[in-house]
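Read through the structure below, which is laid out as structure tokens, and then see the notes.
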Amino acid sequence: MNPHLARLLRIAQQPSRRLIGLMSGTSLDGLDVALCRLEGSGAGTRLTLEQFATVPYADEVRQRIRRVFARAEVSLEELTLLNAWIGALHGQLVLDCLRAWGLRPAEIDAVASHGQTVYHAPAHQHQRPEYPLNATLQIGDGDHLAVRTGIITLSDFRQKHIAAGGEGAPLAVYGDYLLFSSPQEDRLLLNLGGIANFTYLPASLDAAAVFSTDVGPGNTLLDAFVRQHYPAHSYDPDGQLAAAGTPNAPLLAALLDHPFFAASLPKTTGPELFSPDYVRAAQQRSGTASLSPTDLLATLTELSAEGIARAAHLAFGPAPQAAVYSSGGGMHNPTLMQAIARRLPGCSFADTQALGVLPDAKEAVLFAVLANEALAGSAVAIGAGRQRVPAVHMGKISLPG
Ligand SMILES: Nc1ncnc2c1ncn2[C@@H]1O[C@H](COP(=O)(O)OP(=O)(O)OP(=O)(O)O)[C@@H](O)[C@H]1O
Ligand SMILES: CC(=O)N[C@H]1[C@@H]2OC[C@@H](O2)[C@@H](O)[C@@H]1O[C@H](C)C(=O)O
């Protein structure tokens, strides 16, 4: 037998696994690296986050990704080169983290790599009748990562979700359901990333009622306009710029005038829709093109909060009551968090540290959990009807030799 397959079999049969989860999101701020010990699988999963680091991307890396990120037409050569280059880069960053943590690659059972989303195209968003399907693309090839590190690598998780009828996202629902369900309270796990999304976990523990959905922009529009108007910054530090401005009601109304916000749940989206052009078009329609940068940022902050509230109202009625646990970089933005809390007065707010998982690590941890399920779990059956979540194992397996 191929010795790598024999090792894979041993890893799958072990009572626990040491996995590294990797996530690079829409903010392009860097690679999240989570070293996890996972015991058991499924609802019996016990997670220990042993190490976590966000390795910042050099500007050159961010600039290269931006050449192909969320654009309908790109250089195929650039995309081809980036796919291999990012796979090898992520492999090198894993080796750098292991060295800093005093660990050898042989001490890691597998790497679970999300890669870098470059384009997300659910059918309701691309609306091309000749392609009646959902699609998404993450680059950062798993074989390059496996060969560079010498570690078995699982990657490209979203394709199986789509092949089984999903939109390829949010995948958080699997990890949230396995790690954070509680009979004590209804919970909303709210991720404030470039795109905001939440997972509903009922206190009833009824798996059929569990779902996860994107809700609209999180940080992506805020970041884009901060970079444009305040080149020394890549985001609105602590929401101070937005706090100095005044939300503009006509612009907010124009920004919210899109079918996405009223579309039934679950749904996904991305910067392909919520782009700077989306904002500029809304400014033209509402006659607010000359808005001051702080008023624009104040309005975009309200947009992110309103998208979250409207999805919560769609799901739970006019007065949602749940325990909200936030994660993602947007939770560090007090102006955004206050705008959300104002719209959900019946909810309590904490972050996922209260549930034992570092908020900034949560997405990288998710991919370690997904890999653990692929290696040692059984397909998780969640949701029902339109909110049915594909009960599949996810991740392509790359052997290092
Ligand atoms: N102190 C802060 N004040 C305001 N915003 C912040 C702060 N810290 C982080 N952020 C926001 O969080 C973003 C990074 O968070 P995160 O890593 O969750 O984004 P992401 O990787 O794009 O997430 P996702 O993959 O879910 O899209 C930053 O770009 C910024 O918008
Ligand atoms: C296509 C894609 O990369 N989507 C991301 C994005 O970032 C946040 C939100 O949109 C979420 O749907 C998803 O990532 C998280 C990890 C998810 O799949 O749950």
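For the numbers below, each heavy atom of this structure counts, side chains included, while hydrogens, waters and symmetry mates do not. In each ligand, atom 1 is the first atom listed, and ligand 1 is the first ligand listed. Position 1 is the first residue of the sequence; numbering continues from there.
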_Please compare Ile195, Leu192, Asp214, Leu137 and report which has the shortest non-hydrogen distance to atom 11 (C) of ligand 2._
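Shortest heavy-atom distance from atom 11 (C) of ligand 2: Asp214.
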
_Among Arg158, His120, Glu167, which one puts a heavy atom closest to atom 13 (C) of ligand 2?_
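The option holding the nearest heavy atom is Arg158.
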
For [atom], what is the nearest protein heavy atom, given as residue, atom name and distance?
atom	answer
atom 16 (C) of ligand 2	Glu363 OE2, 3.3 Å
atom 3 (O) of ligand 2	Thr117 OG1, 2.6 Å
atom 17 (C) of ligand 2	Leu171 N, 3.2 Å

*asked:* Using side chain to side chain donor-acceptor pair (under 3.5 Å), reason through Ser264 and Arg386 one step at a time and then give a plain yes or no.
replied: CA-CA 9 Å; Ser264 57; Arg386 176 175 159 69; 2.9 Å; yes

Pairing of [X] and [Y] as salt bridge, 4.0 angstrom limit:
X	Y	value
Lys267	Asp214	no
Arg343	Glu302	yes
Arg18	Glu50	yes
Arg187	Asp176	no

*Which protein residues have a heavy atom closer than 4.0 Å to any atom of ligand 1, listed by chain and number?*
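Its neighbours under 4.0 Å (heavy atoms only) are Met23, Gly25, Thr26, Ser27, Asp29, Asn191, Gly193, Gly194, Ile195, Asn219, Asp223, Tyr235, Asp236, Pro237, Asp238, Gly328, Gly329, Gly330, His332, Asn333, Glu363, given by chain and number.
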
_Using a plain distance cutoff, I'd like to know if Ala172 has any nitrogen or oxygen under 3.5 Å from a nitrogen or oxygen of ligand 2._
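For ligand 2, there is an N or O atom that lies under 3.5 Å from one belonging to Ala172.
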
*Please state whether Thr268 comes within less than 4.0 angstrom of ligand 2, counting heavy atoms only.*
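Checking ligand 2 against Thr268, which is what was asked, there is no heavy-atom contact under 4.0 Å.
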
_Does anything in residues 243-301 form a ring-ring contact (aromatic ring centres under 6.0 Å, His included)? List the pairs, not counting sequence neighbours._
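ring-ring contact (aromatic ring centres under 6.0 Å, His included) check on residues 243-301 returns His258-Tyr278, Phe260-Phe274, Phe261-Phe274, Phe274-Tyr278.
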
_With ring-ring contact (aromatic ring centres under 6.0 Å, His included) as the rule and sequence neighbours excluded, what pairs involving residues 112-145 come up?_
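Sorted pair list: His114-Phe367.
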
_Interfacing atoms of ligand 2 (cut-off 4.0 Å, heavy-atom, Asn191)_ =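 Near Asn191, the atoms of ligand 2 are 8 (C).
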
_Contacting atoms of ligand 2, where contact means under 4.0 angstrom from a heavy atom of Pro170_ =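 Reading through ligand 2 atom by atom, the close ones are 12 (O), 17 (C), 18 (O), 19 (O).
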
*asked:* Can you list everything that forms a side-chain contact (heavy atoms from CB on, under 4.5 Å) with Ile139? Sequence neighbours excluded, please.
replied: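 For Ile139, the residues satisfying side-chain contact (heavy atoms from CB on, under 4.5 Å) (neighbours in sequence not counted) are Leu79, Leu82, Asn83, Ile86, Gln116, Val118, Leu137.
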
*asked:* For Gly44, is there any backbone N or O sitting under 3.5 Å from a side-chain donor or acceptor partner on Arg46?
replied: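 Checked: pair present.
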
*asked:* Is the distance between the ring centroids of Phe316 and Tyr200 under 6.0 Å?
replied: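 Yes, close enough.
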
